[in-house]
S.K.: 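Here it is, the structure, as structure tokens.
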Amino acid sequence: MFDDVPEFAGLTLPQVASLGGGGIYALGRHTVAALLNSASADVDYNLSTAQVISMFNAAYPGGDYEALKN
């Protein structure tokens, strides 16, 4: 998912989720959480996995990371 994001190159989803900081790093943590929620049959989540990925891709690079994260 994050193959084209230099800040996350070579990292697993759990590693991205454990990164500190704001901006792209905060968006990365929230995106991982959204992906896990969207993929879980036990979570009633209003977005599909494809929608989460599409939203991240629309914001990266240079989008409004804070707005999407929130």
S.K.: Using the side-chain hydrogen bond (donor to acceptor under 3.5 Å, both in side chains) rule, collect all pairs that involve residues 32-50, keeping only residues at least two apart or in two chains.
M.R.: Ser38-Thr49, Ser48-Gln51
S.K.: With sequence neighbours excluded, what pairs up with Glu66 under the salt bridge (Lys or Arg N to Asp or Glu O under 4.0 Å) test?
M.R.: Lys69
S.K.: Would you name the heavy atoms of Leu11 and Glu7 that are closest together and state the gap between them?
M.R.: CD1-O, 4.0 Å
S.K.: Looking at every heavy atom in both Tyr65 and Ile24, which two are closest together, and how far apart are they?
M.R.: CD1-N, 3.6 Å
S.K.: Test of understanding: with ring-ring contact (aromatic ring centres under 6.0 Å, His included), list the residues that count as partners of Tyr60, not counting sequence neighbours.
M.R.: Phe56
S.K.: At their closest point, which heavy atom of Met55 faces which heavy atom of Leu47, and how far apart are they?
M.R.: SD-CD1, 3.8 Å
S.K.: When you compare the side chain of Thr31 with that of Val16, does any pair of heavy atoms fall below 4.5 Å?
M.R.: no
S.K.: For residues Phe2 and Val32, report the shortest heavy-atom separation together with the two atoms involved.
M.R.: CE1-CG2, 3.9 Å
S.K.: Using modelled atom types only, decide if a donor and an acceptor are shared between the side chain of Ser54 and the backbone of Ala50 within a distance under 3.5 Å.
M.R.: no
